[in-house]
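Report on the following structure.
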Amino acid sequence: MICTRIISVLISILCIPTKIHSQTAEKLFGENLSKISLVLQPSLLKGYEVGAGYEGNSPSISFNKDFSAQFGFLYNFYQKNNFNFKAGVIVKTFNPTFNIKISNEDLNAGYDYSEYLSGFEIANQFIFSQTVKTEYFIPINNNLNFAVGLGMSLDIRTGGGDDELSAVVFDYSKQKERIFFNVNSTEQQVTGSLDVSLGVNYKTNIGLFQIELFNNSQLLSYPKTGVYEFYLDNNQTKTGVYTIKGNYNGLALIFTPRKGWLKRN
């Protein structure tokens, strides 16, 4: 798992002997930096399960790795030696989409609809992640540090409730429209997640720039689960289940300006 690999890398780095320089987290934020950090973190939504025996077969569904725009701010409220503690709010888009996989023989509508059966949207929401995180700076030189982080978030989704979506085709053999697919979902509007990150930061005259790779994984409960059904032309019904885990892998860009930047601007 990606999360396990990242944790292994973090432990390895922490075990490497390093020469301690003067620019600890406590010194950086105590003398030079503002307490507020601005965050931009483009990412991909990952983590899906489709019921055993269905995924990859016809008919079935498959989920995409959808882009998520994420931005927000963090307040660096406490530093001790090389440790930095911060909390804030990250706003995330949550827009999982799926594709319908069904053969022409199973659909039997007198037309090949395969190119129109992708990108169905099961949710289009915002997530407000209230985050608490600690990170450890490993000095490389006076301006450059490794940064390893671990945090937790309380994730609140807008527009809660269950969703339902149906797909309709025109059946040329019967000269009428018919519903051949239906999917519904049950949503957990409030969930928790674990955040693990690995990156570097660099001090400049205008502030501290930090870039990091992160993995955000849901804890205990998943945001969406549901059931999908295919209504085939021979009066058969095929049913499957799915889970949207709501995990993210991404790249975080964090800027912490120097003290007094608001006064100068």
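The number of heavy atoms from other shown groups lying within 6.0 Å of CZ (Phe77) is above 12. Shown here is Leu154, whose CG atom has more than 12 heavy atoms of other residues, nucleotides or ligands within 6.0 Å.
Across all their heavy atoms, Leu194 and Gly151 have their closest contact at CD1-O, 3.3 Å. Contact detail for Gln125 and Gly159: the closest heavy-atom pair is NE2-O, 3.1 Å. The nearest pair of heavy atoms linking Gly250 to Ser43 is CA-CB, 3.6 Å. Annotation for Thr204 and Arg258: closest pair O-NH1, 4.3 Å, computed over non-hydrogen atoms. Across all non-hydrogen atoms, the minimal contact from Ile36 to Thr256 is O-CG2, 3.6 Å. In terms of heavy atoms, Tyr48 sits closest to Asn64 at OH-O, 3.0 Å.
A parallel orientation is assigned to the rings of Phe98 and Phe120, their planes being inclined by less than 30° (bins at 30° and 60°). Aromatic ring pairs are classed by plane angle as parallel below 30°, tilted from 30° to 60° and perpendicular above 60°; the pair Phe63 and Tyr242 is tilted.
In this structure, CG on Asn216 lies 8.5 Å from CD1 on Ile127, to the nearest 0.5 angstrom. Rounding to the nearest 0.5 Å gives a distance of 9.0 Å between CG of Leu33 and CG of Asn201. One finds the CD1 atom of Ile211 at 12.0 Å from the OG atom of Ser197 (value rounded to the nearest 0.5 Å). Atoms CE and OG, on Met152 and Ser129 in that order, are 12.0 Å from each other to the nearest 0.5 Å. To the nearest 0.5 Å, the span separating OG on Ser153 from CD on Gln218 amounts to 9.0 Å. Here CG of Leu220 is found 11.0 Å from OG of Ser193. Values are rounded to the nearest 0.5 Å.
Looking at Gln70 and Ser68, their side chains do bring a donor and an acceptor atom within 3.5 Å of each other. Counting only N and O atoms by type, the side chains of Asn247 and Asn215 include no donor and acceptor under 3.5 Å apart.
Taking the ring-ring contact (aromatic ring centres under 6.0 Å, His included) definition, one finds that Tyr116 meets it with nothing, sequence neighbours left out. Under the side-chain contact (heavy atoms from CB on, under 4.5 Å) criterion, Glu164 pairs with Asn182, Asn184, not counting sequence neighbours. When the ring-ring contact (aromatic ring centres under 6.0 Å, His included) test is applied to Phe67, no partner is found at least two apart in sequence or on another chain. The side-chain contact (heavy atoms from CB on, under 4.5 Å) search around Phe126 returns Val91, Thr93, Phe128, Thr158, not counting sequence neighbours. Remark: Glu31 engages Lys27 in a salt bridge (Lys or Arg N to Asp or Glu O under 4.0 Å) (not counting sequence neighbours). With sequence neighbours excluded, no residue forms a ring-ring contact (aromatic ring centres under 6.0 Å, His included) with Tyr75. Thr134 pairs by the side-chain contact (heavy atoms from CB on, under 4.5 Å) definition with Phe83, Phe85, not counting sequence neighbours. Partners of Thr225 by side-chain contact (heavy atoms from CB on, under 4.5 Å), not counting sequence neighbours, listed by chain and number: Thr186, Thr243. Take Asp66 and apply the salt bridge (Lys or Arg N to Asp or Glu O under 4.0 Å) test, not counting sequence neighbours, and it matches no residue. Not a single ring-ring contact (aromatic ring centres under 6.0 Å, His included) links Phe94 to another residue, sequence neighbours left out.
The backbone N or O of Glu26 lies less than 3.5 Å from no partner atom in the side chain of Gln79, so there is not a single donor-acceptor pair. Lys80 contributes no side-chain N or O that, together with a main-chain N or O of Ala25, makes up a donor-acceptor pair within less than 3.5 Å. Tyr222 contributes no side-chain N or O that, together with a main-chain N or O of Thr191, makes up a donor-acceptor pair within less than 3.5 Å.
Two residues are said to be in side-chain contact when any heavy atoms from C-beta on lie closer than 4.5 Å; Val50 and Tyr228 meet this criterion. A 4.5 Å side-chain heavy-atom check between Leu28 and Asn145 finds at least one atom pair inside the cut-off.
Residues Phe181 and Phe170 share a single hydrophobic cluster, defined by chaining ILVMFWY side chains whose heavy atoms lie under 4.5 Å apart. The cluster map of Ile, Leu, Val, Met, Phe, Trp and Tyr, joined by side-chain heavy atoms under 4.5 Å apart, puts Ile254 and Leu213 in different clusters. Both Leu107 and Leu232 belong to a common hydrophobic cluster when Ile, Leu, Val, Met, Phe, Trp and Tyr are linked at side-chain heavy-atom distances under 4.5 angstrom. Residues Val241 and Tyr231 fall into different hydrophobic clusters, defined by Ile, Leu, Val, Met, Phe, Trp and Tyr side chains chained together at heavy-atom separations under 4.5 Å. Leu117 and Ile61 fall within the same hydrophobic cluster, defined by Ile, Leu, Val, Met, Phe, Trp and Tyr side-chain heavy atoms under 4.5 Å apart, directly or through other members.
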Under the side-chain contact (heavy atoms from CB on, under 4.5 Å) rule, what do Phe137 and Thr24 come out as? Steps first, then yes or no, please. CA-CA 7 Å; Phe137 292 175; Thr24 63; over 6 Å; no

Chi angles and distances behind the side-chain contact (heavy atoms from CB on, under 4.5 Å) call for Asp163, Leu165: CA-CA 7 Å; Asp163 297 305; Leu165 182 150; over 6 Å; no

Assess the residue pair Phe230 and Ile100 against the criterion (side-chain contact (heavy atoms from CB on, under 4.5 Å)); give the C-alpha distance rounded to whole Å, side-chain angles, the decisive distance to 0.1 Å, and a yes or no. CA-CA 10 Å; Phe230 284 93; Ile100 296 174; 3.5 Å; yes

Verdict with reasoning, Leu45 to Tyr248, per side-chain contact (heavy atoms from CB on, under 4.5 Å): CA-CA 5 Å; Leu45 176 62; Tyr248 293 97; 3.8 Å; yes

Audit row: Ser37, Asn76, side chain to side chain donor-acceptor pair (under 3.5 Å) steps and yes/no: CA-CA 7 Å; Ser37 296; Asn76 304 282; 2.9 Å; yes

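Here salt bridge (charged side-chain N to carboxylate O under 4.0 Å, His left out) pairs that include residues 123-142, with residues two or more places apart or in two chains, are Lys86-Glu135, Lys133-Asp195, Lys133-Glu212. Sorted by first and then second residue, the salt bridge (charged side-chain N to carboxylate O under 4.0 Å, His left out) pairs involving residues 102-130 (not counting sequence neighbours) form an empty list.
Ionic pairing of Lys224 and Glu187 is present here: one or more N-O contacts between side-chain nitrogen and carboxylate oxygen are shorter than 4.0 angstrom.
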